[in-house]
Amino acid sequence: MARCCSGMTSPTSSSVPPALLVAATLLLLLAGGCHVHGAPLKAHFYRRSCPAAEAVVRDIVLASVAADPAALPAKLLRLFFHDCFVRGCDASVLIDSTPGSGSAAAEKDAAPNASLGGFDVIDTAKAVLEAVCPGTVSCADIVALAARDAVSFQFGRDLWDVQLGRRDGVVSRASEARASIPSPSGNFTALEANFAAKGLDVKDLVILSGAHTIGVAHCNTFAARLSGGSGPNSAASADPALNAAYAAELRARCGPAAASNNATAVPMDPGSPARFDAHYFVNLKLGRGLFASDAALLADRRAAGMIHGLTRQEHFLREFGNAVRKMGRVGVLTGEHGEIRRHCRAVNSR
């Protein structure tokens, strides 16, 4: 799911706000010791090994979102999507590239991931959990929880439950990100194939596209839909699936050099850019889907038939929760597979 910040240095427990660290320490020490599980994904996986794990992540995420409510939920949700679409939900998107002439670039340095953000929030949560319950909570589970908690902030309740027990991957390749992450310019056939490769179907594709109800995109990611210059009749040369008035608005925002404009950002859901709601599907029916991949949903009879129902808020929220839970099980590592990283940006030294 394409949506248009680079990370920060790896944290230590000293980078964690003291109040959060103290509170987390007390909760965990009162609840008991830590040990590593080896079981399939399930609710409350850390109930015995790290009882306050979910509360620690939630507190850190909610505090961060309160400081940046317009942007951070979209960043953390997108981070989860981009992680799951490459090697499964294993936090491989968090790994930094290793300097050296013989080292391949990591996922986060691939073009589709260039504008990812939220790494600092994951780093903070991991530092707290390592300080009070080392070697127990995976980075992959933190990413999954952070996405849910960030999106749920505006509602004051959890929008979906998160099954836990993922372990962290030890491989991260930019080439795999380029090959696996759905393109914002993709047609329906390509999108369906992208999702099918992850065990996700057309229904999942349509519903998860609703994540574009929050966040922004940079002009260069959709500029091809605006071709035709800036003259009075240029709207007619734009992608015919794009609402003409909307195309004119976008062209005015992005300027004549939209294809190289990676500085200007526009909302992906005009009219409701900061609220996680069904408005994306309302816009889609009006030809106001920003990406070619959005418009592609109308080109397939099966997908188009689902869109009207998804304009109802409660239906959309319920279906999105089901679809994102399914996505969260893609390619997970459990049991003895993978590892529990000490720092999310690097695999453990052997």
Side-chain angles (χ1 to χ4, degrees), residues 5 7-34 37 41-80 83 89 91 94 116-166 168 214 274-276 321 324-325 328 340-345:
C5 288
M8 302 168 66
T9 56
S10 297
T12 62
S13 59
S14 62
S15 68
V16 178
L20 285 173
L21 185 57
V22 171
T25 302
L26 288 174
L27 283 168
L28 290 164
L29 290 178
L30 286 171
C34 298
H37 289 267
L41 298 188
K42 62 181 181 181
H44 311 299
F45 182 86
Y46 300 104
R47 177 176 290 163
R48 297 182 64 184
S49 64
C50 200
E54 294 181 49
V56 168
V57 175
R58 179 181 291 110
D59 288 349
I60 291 169
V61 170
L62 295 186
S64 301
V65 172
D68 188 11
L72 193 54
K75 290 180 179 179
L76 288 171
L77 182 57
R78 184 174 181 240
L79 188 65
F80 186 35
D83 182 39
C89 311
L94 305 179
L116 286 180
F119 295 105
D120 53 328
V121 178
I122 306 300
D123 288 341
T124 300
K126 180 61 172 175
V128 170
L129 291 169
E130 283 298 302
V132 295
C133 195
T136 302
V137 182
S138 69
C139 301
D141 277 345
I142 294 171
V143 171
L145 287 167
R148 189 273 310 276
D149 295 340
V151 173
S152 299
F153 173 80
Q154 72 181 68
F155 298 92
R157 61 179 176 86
D158 290 346
L159 287 186
W160 64 87
D161 62 283
V162 179
Q163 293 186 319
L164 301 169
R166 299 167 188 81
D168 299 322
I214 52 175
R275 290 198 61 79
F276 193 83
V324 78
R325 276 194 297 267
I340 304 297
R341 282 185 226 139
R342 289 184 288 274
H343 301 282
C344 291
R345 293 171 178 264

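Both backbone and side-chain heavy atoms feed into the values below; hydrogens, waters and symmetry mates do not. Since we're looking at a predicted model, the values are computed, not measured.
For D141, the salt bridge (Lys or Arg N to Asp or Glu O under 4.0 Å) partners are R166, not counting sequence neighbours. With sequence neighbours excluded, no residue satisfies side chain to side chain donor-acceptor pair (under 3.5 Å) with R342. Partners of A146 according to the side chain to side chain contact (heavy atoms under 4.5 Å, CB included) rule, which considers only residues two or more places apart in sequence or in another chain, are V61, L76, I122. Among residues two or more places apart in sequence or in another chain, the ring-ring contact (aromatic ring centres under 6.0 Å, His included) test is passed with F276 by F316, F320. For A274, there are no side chain to side chain contact (heavy atoms under 4.5 Å, CB included) partners, not counting sequence neighbours. Take V137 and apply the side chain to side chain contact (heavy atoms under 4.5 Å, CB included) test, not counting sequence neighbours, and it matches Y46, C50, A53, L129, I142.
Closest approach of S49 and P51 over heavy atoms only: C-CD, 3.9 Å. Of all the heavy atoms in I60 and A125, the pair that sits closest is CD1-CA, 3.5 Å. What you find for V132 and P134 is that their closest heavy atoms are C-CD, 3.8 Å. Residues F80 and G328 approach most closely at CZ-CA, 3.7 Å, considering heavy atoms.
We find the NZ-CG distance between K126 and D123 to be 10.5 Å, quoted to the nearest 0.5 Å. To the nearest 0.5 angstrom, R48 atom CZ is 13.5 Å from T136 atom OG1. Between the CZ atom of R148 and the CD atom of E54 there is a distance of 6.5 Å, given to the nearest 0.5 Å. To the nearest 0.5 Å, the span separating CG on D120 from CG on L72 amounts to 7.5 Å.
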Per-pair distances, 0.1 Å, donor-acceptor, side chain in residues 155-165, under 3.5 Å, sequence neighbours excluded:
from, atom 1, to, atom 2, distance (Å)
D158, OD2, R58, NH2, 3.2
D161, OD1, R325, NH1, 3.1

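A donor-acceptor pair is defined here as one N or O able to donate and one able to accept, closer than 3.5 Å; no such pair exists between the side chain of S64 and the backbone of L62. Side chain of D168 to main chain of A91: no donor-acceptor pair is present (N/O by atom type, distance under 3.5 Å, no hydrogens or angles).
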task: Please lay out, stage by stage, how L94 and R341 fare under the test side-chain contact (heavy atoms from CB on, under 4.5 Å).
output: CA-CA 11 Å; L94 305 179; R341 282 185 226 139; 4.2 Å; yes

